[in-house]
Structure formats: structure tokens, C-alpha cells
Amino acid sequence: MLHLEGLNERQQTAVRHKDGPLLIVAGAGAGKTRVITHRILHLIKEGIAPESILAITFTNKAAKEMKDRVEKLLASRLQLSEALSVRTRGRDLEAKHFPWLGTFHALGVHIIRENSDRLSLPKRFAIFDRSDSLAAIREAVKESELDPKQFEPGKILAAISREKGKMMTLQEFTVHSEGEYFPSIIASVWQKYEATLKKERALDFDDLLLKTALLLQSEEEIRKHYGRRWQYIHIDEYQDTNHVQYMITKLLAKEHTNIAVVGDIDQNIYSWRGASIKNILNFEKDYPTAKVVLLEENYRSTQTILTVANRIISKNKMRREKTLFTKNHEGEKVGLFTAYDEAGEASFIAGRAKQLIAGGVSPAGIAVLFRANFQSRVLEEAFLREDVPYQVLGVRFFERKEVKDVLAYVRAAQTAFASQNLNEQALNLSGGFSDVRRIINVPPRGIGKVTLLKILAGKESELPPAMQGKFTAFKKLLLELRVKLHNVPLSEAIKWIVSESGLETELKKGGSEDEERLENIKELVTFATRYDTLLPNNSREEALDAFLADVALQSDQDELKDDMPSVKLMTVHASKGLEFDYVFIGGLEEGLFPHERLSETQSEGDAEEERRLFYVALTRAKKKVFLSYAGVRTIFGSRQVTVPSEFIFDIDEEFLEAENYVEGGGKIIYLD
């Protein structure tokens, strides 16, 4: 069969398996995306309707890659109709006669929208991103008369998120927390947070999964409906599923048990956000008839990198035995640099990257990985000093103020009116509250806080005539935008509101920072053009819904600019699923990497996860890995003498070579 050419024997076994549960244990760089996409193609060639196939992964970037590959395979191998192969600029998840491919959160949006009436939600509910949720939690903490320094909103949000990930509702948590001090505070803040979400007719990220799981669990007919719709289910990165994702998967697969999961126990690194390694370890208990396929051939790295990675991870006990190998060449040894302090380490990394680039390596083929976000500051200084182009992952484009302002205009135009009638001018105070509050004075319109409170309290008639005029003009602006969103391409509507709102004029008056903000808004318009070209069965409303959902569900990896020739700086967690020619792993010191948790007792499970994290970092590299640590590091304002990471001592000397870089003031020290 032509579509099986280029697959190794075990990959072919996984692709050919049709009915019944399948566990694919895929090592790093073993071609798991290739297996999933070819498996989808094989199922279709076997007579399975494309629309009855579901494939779920964790990031938009991974979902887009999978979708693009499936489209190309279907178009080239099956010569399907034009309707099937027409591209919709990255968005054809709901197209007829095409597999449903997307993230868990996108699946949640899809199912909730189709059943919004059962959940007492509008079909076009809002989605709170992390910054929206954090702002709402901060307000809830204030309302509870708590000290935000003592009860940090971020920690409370994380606690609520963990409980939702366990499929715990507010009502259940409130009962369980009775009589306990901190849990009772969490319950109180959670209650106010839920009230805000209800007022805004919104769900947060965790609700997208929790509400979906509870719906499938409580409504048998709905569960059967989706079970019949998606008869063949694929779950990527299964080792990263938490309890609620596990339940969604299990409920959807209950009808046919044609479930294929792909994962690697050795890459389970997200327990801190609820991922349970037990889900993949217990797959054969959940599905006793499951077929297991082990993918060990690596197509990414040199044999040296794999040998080092294999020996590192072999010390873990909670794993399924496997040994990665490759037909690639042996490769260079792992470089090891010992710096006097973090500044010297950063100078080495930036300087060595500069040398690689001068030797013909693309900056985009280089990554610098670190265990903790604070490490990026000194690295950025060194890259600026060496004049090496770089990009730091973690500053999300869609969380920038100016971008959120424009998005708030779009959402308010959709949700802040009392009627679906496009000519209705009455604001709906039960929805769009935060969006209206955010933009009513952006750019400045002379509407003060007292006036805003009266407006939001429905007391517009009490305003002075001049102020009523300003508010009427604002409503008219939103109304006109609403009409445009229904009648012109999305990018044109956004261009219009940027101009007509006065945002563009205001930013043009400012300095270089405002110029950059305007450039970011223009980039948002460019992003929106993806939703201008639609399949015939899509409407502009559906395009807008897709745009707002995709924007809300963006992850760190979606910020990667593939066309930007820059070195990527990121945490090891953020690097999961990515690959680079050359990888620097910094800060290899005891207490930093492996990381020492200050507020918790270090368990064997924590230690094994740190080792898995180092394994993930190593296996991002194709050609060479550079390791480094500092003999002295300043942490919390205090200079501390460090001890080299145990991971360094786990690597046999035959695979290591010293990096003697001394430019930029770095000092070399040698430890016996």
C-alpha cells in the first residue's frame, strides 16, 4: 500500500490496527504524528467515513500540524472532492467529510456550543483567558476582604483549576471544605468568581473541560450521540491527560472502544497542573483487550544524544522499559561549560550561539532551555550585548493590552446588546460587562468612574445630557461594529473599529512604544484574515465564533514565529513537542535543575518528574547539546555557592567534552 511506504514495521503495525483499543508508546522523535495521520488515512481507505474520526492533541500548534498533514495526505492519496481538499486557512474542524482534529479545549467549545441550551448558556458564550480569570479572582479576593498579599490571586486560581481538573464542582468542594481554614477561603473566592463568570455569560479554560465531562456523564443521549458520531478516537500525548480529560476520553470511547492513544511515560512532565501518569500506566487495565505497540526508532537526534538520554531516564522506576535508537550518525559529544556565575554562563550561551550562527547555523535552529523563568533575564542581557536575535516564549501576543482592547470591542459588539436584532441599541447588562468596562474609555472619551458605575447600574437616564450623548455615541459605535461583523470579512471589521474608535489616531500620537502597539494591532488584523475565506456552509457568525475561540485558546507555543530567524529562549516545559538543531540547557545545579520545591516535601515522584524533564530537554536536540552551570548564582538577591546537578554526574565522561569559552568576562573553574 502506497500510504504505508516510509513507515517502519512497528509504525505500520500501529497504522494497520483498526478495531479495538490501541496503546502506542512512542519515544521522543519516533514519528508519532506521522503514525496518527497515516492511521487516519488508512482508516478512510478501509471505508471509515472521515467525519466519524476524532483526533485530539494538546496545543493549537500540534493540532494545526496534524490537520495540515491529514489534508495533504487526503488530497494526494485519495483524490477526494474539491470540497474536502479546500483549505480554510487553518480552520476546517467542523467541515463535513473531514476528520475532527483539534485540542481538548476546542473539543469542549464544540460540544458545549452544540448543547448550550442544556447548560443554560448562550451559544456564543465568552471564554475567559488566564488574565481575565486572574482579574476576576483578584476582584473576588477584594470582595471577600482578604489581603491579596497573603492570599495571592494566582495561587487561588491555580487551586480552583486543580479542583476543576479533578472534576470537582464548586458545590462539592464547598461541602468538602467545611471546617477547614484555607479550603473554606478558596470556596468563598470561588463562589464569587463563579458569579462573575455567570454574569459575563462566560466559561474559563477549565470549565470548557469540566462542563463537557459533566454533560457527557449526566446526559446519556448526548454521550451516545457523540459516541456514534466519532467511532474512531485518537488521543495524542495521553501521558499529559488529567482526570477530567481522561473522563472525556473514556466517555466518548464507551460506545465503540475504538480508541488509539499515543504517549510516552518518560515525557510526563505536567503533574503540577494535574496530569496523571496513571492514565497511561493503567490503559491496559481500562481496556484489557488493548494492543500495545512500542516505537523506539528515533528520527530526530544523533545516537550520542539518545545514548545519554536513555541512561538518564533508565534510573526512573515508574516507566515502561524502552531504549531509543537511530540510524542517524553517532554525532558530537555533549558540551559542558562551567561558569563562575550566571552572567558568565549567559555570556557563554549567547557567545557560542553567535559562533554557531557565524558558521552558517540558522538562529531558528538554536534553543536555550531553562528550568525557571527568572533565568531568562540575564540571558536576554547577554543576547542583546552580543547582538544575537532572540525570542522569549511566555509573553503571549493575545494578552497584550492593545490586542485585548480590540478583542474586547469585538466581543462587546457580539454580547453586550439585549437582543439579537442588529438594530437593537439597549445594552445587555447581564453580559459583556467586563468588555464594556474595559473599552468604554479606550481611547479616552471623558467617561469617568462615577458615570461608568451609573451606566452599568442601568441608570443612564440620570446622566447629564452631555454625558448621555457620549454614551449614545459609544453604543452607536458598538452597534455599527456589530453590523459589520455580520456583513463584511472579519479583518475588515477589525480594521474599521481600530480606525473609527480613535485607537489608531491615539496610538499614532505616541512614541515608539505606541508605534509598537499599533504594529501589534495590525498583526491582529493579519491573523484575522485567516477567517475571511470560508467553506460554503460556514457563516460570518461561525467564522467570528471560531476566531474568538482560537484566540482565547492560544498557548505559549503558538507565539513561536517560525519565519523569524531568532534563537528561542524558553522553559523546558514550553519546549515539549519542539525540536532544534542545537540546544543549550542552562542552570544545571542542585536545587534549580533538578528543582527543589520549597513549600513541599520532595517525593520520589517529584524526583522522577525532574529526571523526565531533563530527558525531554535532551531529546529536543537534533545535532548537539550544550550543558552549563554556574559555580555561584544570585537567587532572591543573595549570592549562593552551587553544587553541580546530579544529572551531569549521570553522564559518562566518554560522552562529554569541555567547552572552554572565555569571551565576555566569563571565568572557567574546575571542580575535582
Side-chain angles (χ1 to χ4, degrees), residues 60 105 109 124-140 153-154 157 193 196-197 199-205 207-208 392-416 431-445 447 449 452 456 474 477-478 481-482 485 490-491 493-508 510 513-531 544-559 561:
N60 288 334
H105 289 91
V109 172
R124 293 187 175 89
F125 59 87
I127 300 173
F128 269 30
D129 62 21
R130 176 175 165 74
S131 61
D132 295 327
S133 293
L134 204 54
I137 291 288
R138 196 173 288 114
E139 285 297 317
L157 178 60
Y193 175 54
T196 298
L197 287 169
K199 182 179 181 181
E200 294 290 338
R201 297 183 296 173
L203 299 178
D204 66 15
F205 283 175
D207 288 329
L208 298 177
V392 182
L393 256 71
V395 182
R396 297 186 183 179
F397 175 78
F398 293 102
E399 291 185 5
R400 289 176 168 88
K401 179 188 180 301
E402 61 276 11
V403 174
K404 287 183 73 69
D405 287 342
V406 176
L407 293 173
Y409 269 106
V410 174
R411 286 196 302 265
Q414 276 289 91
T415 61
F433 174 86
S434 62
D435 289 322
V436 169
R437 183 171 60 181
R438 181 183 185 98
I439 60 173
I440 198 166
N441 229 18
V442 177
R445 294 185 175 86
I447 299 177
K449 290 183 179 179
L452 177 59
L456 296 175
F474 173 71
L477 182 71
L478 288 184
L481 174 58
R482 190 182 189 200
L485 288 169
L490 178 60
S491 62
I494 294 177
K495 274 186 193 175
W496 182 87
I497 191 60
V498 171
S499 171
E500 294 301 312
S501 66
L503 266 174
E504 185 174 21
T505 302
E506 185 72 17
L507 291 173
K508 282 182 175 178
E513 287 187 6
D514 282 341
E515 285 180 20
E516 186 177 340
R517 292 188 180 103
L518 188 56
E519 288 299 318
N520 288 333
I521 290 175
K522 289 178 179 178
E523 179 62 25
L524 177 64
V525 173
T526 301
F527 178 80
T529 58
R530 303 181 190 183
Y531 302 82
L544 179 56
D545 291 342
F547 168 76
L548 292 174
D550 287 352
V551 162
L553 300 178
Q554 293 286 303
S555 68
D556 284 349
Q557 286 193 6
D558 296 310
E559 300 301 310
K561 293 179 173 62

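Everything numeric here is computed off the predicted structure, so don't read it as measured data. All residue numbers in this chain count up from 1 along the given sequence.
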Discussion item. Minimum heavy-atom separation for L485 and L490, please, with both atom names.
Written reply: CD2-CD1, 3.7 Å
Item to complete: Flag the pair L481 / W496 as yes when at least one side-chain heavy-atom distance between them is below 4.5 Å, and no otherwise.
Response: yes
Item to complete: Kindly compute the distance separating CZ (F128) from CG (L134), expressed to the nearest 0.5 Å.
Response: 11.5 Å
Worksheet entry | Beyond-backbone contact of V406 with I494, side-chain heavy atoms, under 4.5 angstrom | yes
Discussion item. Testing the basics here: between G502 and P443, what is the closest heavy-atom pair and its distance to 0.1 Å?
Written reply: C-CG, 3.7 Å
Worksheet, complete the sentence: Looking only at heavy atoms, the pair that brings F205 and A552 closest together is CZ-O, 2.6 Å
Worksheet item: Considering all heavy atoms of both residues, which atom of L478 and which atom of A413 are nearest to each other, and what is their separation?
Response: O-CB, 3.7 Å
Worksheet item: Just by distance, do the side chain of R411 and the backbone of I127 share a donor-acceptor pair under 3.5 Å?
Response: no
Item to complete: Would you check if S131 and R400 make a side-chain contact, meaning some heavy-atom pair closer than 4.5 Å?
Response: no
Worksheet item: Who are the salt bridge (charged side-chain N to carboxylate O under 4.0 Å, His left out) partners of K495, not counting sequence neighbours?
Response: none
Worksheet item: Between F527 and F547, how do the two ring planes meet: parallel, tilted or perpendicular, split at 30° and 60°?
Response: tilted
Discussion item. Give me the atom names and distance for the closest heavy-atom approach of A528 to S491.
Written reply: CB-CA, 4.0 Å
Discussion item. Before you tell me yes or no, could you show the steps for R130 and L157 under side chain to side chain contact (heavy atoms under 4.5 Å, CB included), namely the whole-Å CA-CA distance, both residues' side-chain angles and the distance that decides it to 0.1 Å?
Written reply: CA-CA 9 Å; R130 176 175 165 74; L157 178 60; 3.5 Å; yes
Discussion item. With heavy-atom distances below 4.5 Å as the criterion, would you say the side chains of L544 and Q414 are in contact?
Written reply: yes
Response to the item:
Rounded to the nearest 0.5 angstrom, the CD-CD distance for E402 and E506 is 13.5 Å
Fill in: For D129, all residues meeting salt bridge (charged side-chain N to carboxylate O under 4.0 Å, His left out), sequence neighbours excluded
K404
Worksheet entry | Euclidean distance, L477 CG relative to Y409 OH, rounded to 0.5 Å | 6.0 Å
Worksheet item: With distance as the sole test, does R445 use its side chain to make a donor-acceptor pair with the main-chain N or O of I440 at under 3.5 Å?
Response: yes
Worksheet entry | Pairwise distance CG(L197) to CZ(F125) - rounded to 0.5 angstrom | 11.5 Å
Practice prompt. State, yes or no, whether a side-chain contact exists between L507 and I521 at a heavy-atom distance under 4.5 Å.
Written response: yes
Discussion item. Nearest 0.5 angstrom please: L548 CG to R124 CZ, how far?
Written reply: 10.0 Å
Fill in: Distance, nearest 0.5 Å, that separates CG of L407 from CG of D435
9.0 Å
Worksheet item: What is the minimum heavy-atom distance between D204 and S133, and which atoms define it?
Response: CB-OG, 3.6 Å
